[in-house]
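Report on one structure; see the data block that follows.
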Amino acid sequence: MKRLFAVSLCLLALSFSSFAKSLSLPRKKTPAGPAPDKAYMQKIWDGWSTLDPANVAKYYASGPHTFFDIAP
């Protein structure tokens, strides 16, 4: 009898959770930020296509701190 009650309770909880999911209101997707400027990005890519880091140095921060994405 306890087993039947436990199974019934689990099925009831599962049905309520699926019902609640179907009633949820759709959320509006908001952009994370402004779209990147394509002309600006193209200037950076053109600078890197010359294979000279001096051409793109003006687009990056200069200073004593070094940032490594994964590892140095």
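Treat the numbers as computed from the prediction; the structure is a model and nothing was measured. Excluded from the calculations below are hydrogen atoms, water molecules and symmetry mates; all remaining heavy atoms, backbone and side chain alike, are included.
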Contacts of Ser8 that satisfy side chain to side chain donor-acceptor pair (under 3.5 Å) - sequence neighbours left out:
none
Under the ring-ring contact (aromatic ring centres under 6.0 Å, His included) test, residues paired with Tyr40 that sit two or more places apart:
Tyr59
In a table with atom names and distances, give each donor-acceptor pair under 3.5 Å that connects a side chain of residues 45-56 to protein atoms at least two apart or in another chain.
unit_1: Asp46; atom_1: OD1; unit_2: Gln42; atom_2: NE2; d: 2.9
unit_1: Trp48; atom_1: NE1; unit_2: Tyr60; atom_2: OH; d: 3.1
unit_1: Ser49; atom_1: OG; unit_2: Asp46; atom_2: O; d: 2.6
unit_1: Thr50; atom_1: OG1; unit_2: Gly47; atom_2: O; d: 2.6
unit_1: Thr50; atom_1: OG1; unit_2: Asn55; atom_2: ND2; d: 2.7
unit_1: Asp52; atom_1: OD1; unit_2: Ala54; atom_2: N; d: 3.4

Taken to the nearest 0.5 Å, the spacing of Lys38 NZ from Lys43 NZ works out to 16.0 Å
